[in-house]
Amino acid sequence: MTRWTDGARPGEAPPWEAFGVDAARLPRHVAVIMDGNGRWARQRGLERSEGHRAGVEAVRRVVRAASRLGIPALTLYAFSAENWKRPAAEVQFLWQLLADTFRRDLPELKENGVRVRVLGERGGLPEPVQAALSAAEEETAANDGLTAAFAVNYGGRQDILRAVRTAVREAQEGRLQPDEVDEAWMAARLATAGLPELDLLIRSGGEMRVSNFLLWELAYAEFWSTPVLWPDFTAEDFYRAIADFQQRERRFGGLPE
Ligand code: IPE
Ligand code: IPE
Ligand code: MG
């Protein structure tokens, strides 16, 4: 079992300093669209499943990097509500990989204070996968380090619709007035309730689209895309994204200072 340190030997600077990351001004919540596993595999003449397998290593690198840096929350897009359109064999492989990975990595996540959270419609997943996800959530619930949220069978539109249905139901029962439905009401009913405001969205694999991820939460997040395919994504790429984010001027609709 490994306890994650900041990766520097005594007397050495932590690894992110060379990339210009200011550890005193970190984003509070970073989300990642982990894309490019299939292309990575094809480039090597491998099955797409091998790309997903290699992608798990990149997940480990990024979770460790975020944890060492001290970022409060990291949300990773693992399976979209639309990914069911893929061949059944690929979908099946992804569920197996997800369940195996959670079971294998749980001790290390616990050891390092990571709190696991799952976003999405987990009721639609195979029972052993649901069990592995719930075990990871329950056994890390008391941790106070990095919150690592995994978006699984998640869709931004579906998540908003779920909240709207709740509102209609409560209104029909006379428990909710129209004025009560404000931004805070909505935020508290989305899958990301309780996580800090989203600051930065990273997408690997080079596409410039959101693919139904965190639609509400992305309102004023900064976007950073890299052509690097997900299995090749390193802690250094993550530091680059953070350093770039720290150079941005966020205006939230106002005027520059
Ligand atoms: C992302 O990689 C992983 C998932 C969507 C599960 P892809 O499988 O989409 O890889 P590409 O985009 O085909 O290269
Ligand atoms: C987004 O990637 C979903 C995940 C990374 C889990 P996709 O590969 O599904 O996105 P599109 O189809 O290129 O928009
Ligand atoms: Mg893709």
Side-chain angles (χ1 to χ4, degrees), residues 29-63 65-66 73-102 104-105 116-126 128-130 132-133 136 148-161 190-192 195 198 200-218 221 223-234 237-238 241:
H29 183 180
V30 179
V32 186
I33 301 177
M34 312 185 287
D35 196 22
N37 294 351
R39 280 163 280 169
W40 183 93
R42 199 177 57 218
Q43 285 176 1
R44 286 163 180 73
L46 301 171
E47 300 280 333
R48 292 179 56 85
S49 54
E50 291 308 314
H52 296 314
R53 212 191 291 280
V56 172
E57 292 303 325
V59 175
R60 294 191 174 112
R61 290 192 290 269
V62 169
V63 169
L74 176 71
T75 298
L76 301 168
Y77 205 6
F79 190 92
S80 79
E82 287 73 31
N83 284 147
W84 293 103
K85 293 174 185 167
R86 297 184 179 203
E90 179 172 349
V91 173
Q92 180 55 38
F93 179 86
L94 283 167
W95 296 140
Q96 188 69 47
L97 184 66
L98 192 72
D100 290 349
T101 303
F102 268 101
R104 194 163 85 199
D105 286 14
V116 173
R117 226 172 113 163
V118 179
L119 319 180
E121 284 297 335
R122 74 176 86 191
L125 310 184
V129 181
Q130 292 190 40
L133 295 176
F150 293 84
V152 179
N153 195 17
Y154 172 90
R157 286 188 172 180
Q158 291 84 344
D159 199 34
I160 291 169
L161 283 172
L190 294 175
T192 51
L195 295 178
L198 185 61
L200 171 63
L201 174 68
I202 295 173
R203 182 163 188 149
S204 67
E207 309 295 354
M208 295 289 182
R209 57 177 170 257
V210 169
S211 302
N212 200 18
F213 195 33
L214 302 176
L215 298 181
W216 172 277
E217 296 85 345
L218 280 166
F223 185 50
W224 192 86
S225 177
T226 174
V228 172
L229 302 174
W230 181 250
D232 289 329
F233 196 94
T234 60
D237 293 312
F238 190 69

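Whatever order the structure lists them in is the order used to number ligands and atoms, beginning at 1. Basis for what follows: all heavy atoms, side chains included, without hydrogens, waters or symmetry-related copies.
Not a single heavy atom of S80 sits under 4.0 Å from any atom of ligand 1. At least one heavy atom of M34 sits under 4.0 Å from some atom of ligand 2. R86 counts as a contact of ligand 2, since one of its heavy atoms falls under 4.0 Å from the ligand.
Residue R203 touches ligand 2 through its side chain alone, judged by heavy-atom distances below 4.0 Å.
The number of protein N/O/S atoms found under 2.8 Å from the Mg ion (ligand 3) is 1.
Distance from atom 13 (O) of ligand 1 to its nearest protein heavy atom, with residue and atom name: R48 NH1, 3.1 Å.
With respect to F79, the ring pair (Phe, Tyr, Trp, His ring centres under 6.0 Å) criterion is satisfied by exactly one of F150, W84, Y154: W84.
Taking the side-chain contact (heavy atoms from CB on, under 4.5 Å) definition, one finds that A41 meets it with L46, sequence neighbours left out. Scored by the side chain to side chain donor-acceptor pair (under 3.5 Å) test, H52 finds N37, E90 as partners (sequence neighbours excluded). For R39, the side chain to side chain donor-acceptor pair (under 3.5 Å) partners two or more places apart in sequence, or in a different chain, are D35.
Distances from atom 6 (C) of ligand 1 to the heavy atoms of A78, G51, G36, S49 show the closest one on A78.
Checking only distances, Y77 never comes within under 3.5 Å of ligand 2, N or O to N or O.
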